[in-house]
Amino acid sequence: MAIVNKISKPNRAVTFSLIAVILLIALFDQWVVQSSLFQENEQALTIGIALDFTVALPLLLYFAIYRRISKKIVAVIPFMLLGLAALHFYLPASSHDLLTILKFVIIPLELLLLSYSFYKLTAAYRAARRNLPNGVHPLEALKKSIRTSISNQKIAAFLQHECSMIYYAFLSWGKKPYQEPGTSAYSYHKESGWFIAVLAFSKILLFEGIIIHILVMNWSHPAAWMLSVGNLYFIILLISDYRAMKLNPAIVSERGLVLRYGVQLAAELAWSNIASIEAVPYKAPDKQQMKASFIPIGFEGNVLIRLKQKTRVVKIFGVTQEVEQLYLFIDQPHPFVKQCSEHVKPASQQG
């Protein structure tokens, strides 16, 4: 539906015609697989059906839709991989050996296209990094390059989150906490207990995940590996979140608050839009308040920020939300609130 909304009404007929063609090809291939003709010519027809799913259908998608909305051909790579995965369920078990051979042709080709896309993204990152002014957060260059390379905002936001996660988990070791000159920084990772929680959750995901993997393998090998990959992903997510917390303290500047709360939140709040900041004992908001509140995952907040107007913030996985209040945990909440109040009071008096 997202693809349909991005093209003009006259071209929607092309979209629905493409869907019809894809369904016809899939049904025809299904009929071939179930016919005696397939048993007599299994090798040749397996190759033909595999090419339909991994080459012909993705190329139809590209020329019929993606090229019309200025998408590059690498955008259909996920559909090629999806087609390759679907063949394991589509074709009989006797054809799977031939699919294994086809993987050595299809996957390297798709890896080559991905490498080209990565090269273009890296070039954009270097160009953005050269043009960034001094004092800007080091990840801003990467985020800017992704925004300029990918037109879909939701996909770009998700990729920004994933790249940030990889950076903090693997490339941030030895880096010092980021702080703009002339600002004050307040940590929030030392007293929160999040480090212990990360160790505990990682231990559970790792060791108990191995046991679950062995048990699930008795039922399905692909499902077992999918669970294990998911566990590994969440371990990396936890590590990156803690590393991001350690390297990105809450920043108090003359302009406002800069909050990069692990990988869970990215927000810049102007003093003129902050109604109040106070140190409070945590009290869970009701369901209605939850819809417009940010609450950090893993620990209770001790500082509450109320806004005059709803502000859009970026949360985990690149999801955006309009919030009117934020709960934060700060290691030293009272000094943080005191300094912030010096900026908030004049703004409230003007109101």
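Index from 1, following the sequence.
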So the side chain to side chain donor-acceptor pair (under 3.5 Å) pairs with at least one residue in residues 24-37 (sequence neighbours excluded) are none
With sequence neighbours left out, which residue pairs that include part of residues 285-301 fulfil the side chain to side chain donor-acceptor pair (under 3.5 Å) condition?
Ser293-Gln325
So how far is it from Asn231 CG to Glu208 CD, rounded to the nearest 0.5 Å?
10.0 Å
Sequence neighbours excluded, every pair satisfying side chain to side chain donor-acceptor pair (under 3.5 Å) that has a member inside residues 260-270:
Asp241-Gln264
What distance do Phe38 atom CZ and Gln43 atom CD have between them, rounded to the nearest 0.5 Å?
10.5 Å
To the nearest 0.5 Å, what is the distance between NE2 (His189) and CD (Glu191)?
9.5 Å
Is the backbone N or O of Ser253 less than 3.5 Å from a side-chain atom of Trp271, with the two atoms forming a donor-acceptor pair by type?
yes
Has the side chain of Asn302 got a donor or acceptor atom that lies under 3.5 Å from a matching backbone atom of Ile330?
yes
Within this structure, what is the CG-OH distance for the pair Leu257 and Tyr186, rounded to the nearest 0.5 Å?
10.0 Å
From Met165 CE over to Leu237 CG, what is the distance, rounded to the nearest 0.5 angstrom?
5.5 Å
Side chain to side chain contact (heavy atoms under 4.5 Å, CB included) against Leu238, all qualifying residues, sequence neighbours excluded:
Trp194, Val198, Phe201, Ser202, Leu205
A side-chain contact here means heavy atoms from C-beta on lying under 4.5 Å apart; do Gln179 and Ile251 qualify?
yes
Do Ser184 and Gln339 get their side chains close enough for a donor-acceptor pair, meaning under 3.5 Å?
yes
Polar side-chain atom of Glu42 near backbone of Thr46 as donor-acceptor pair, under 3.5 Å:
no
Hits for ring-ring contact (aromatic ring centres under 6.0 Å, His included) against Tyr168, two or more places apart or cross-chain, chain-then-number order -> none
Full working for side chain to side chain contact (heavy atoms under 4.5 Å, CB included) between Asp331 and Phe329
CA-CA 7 Å; Asp331 289 335; Phe329 180 90; 3.5 Å; yes
For Thr320, enumerate each residue passing the side chain to side chain contact (heavy atoms under 4.5 Å, CB included) test, keeping only those at least two apart in sequence or located in another chain.
Arg312, Val314
Donor-acceptor pair, Tyr242 side chain versus Gly262 backbone, under 3.5 Å?
no
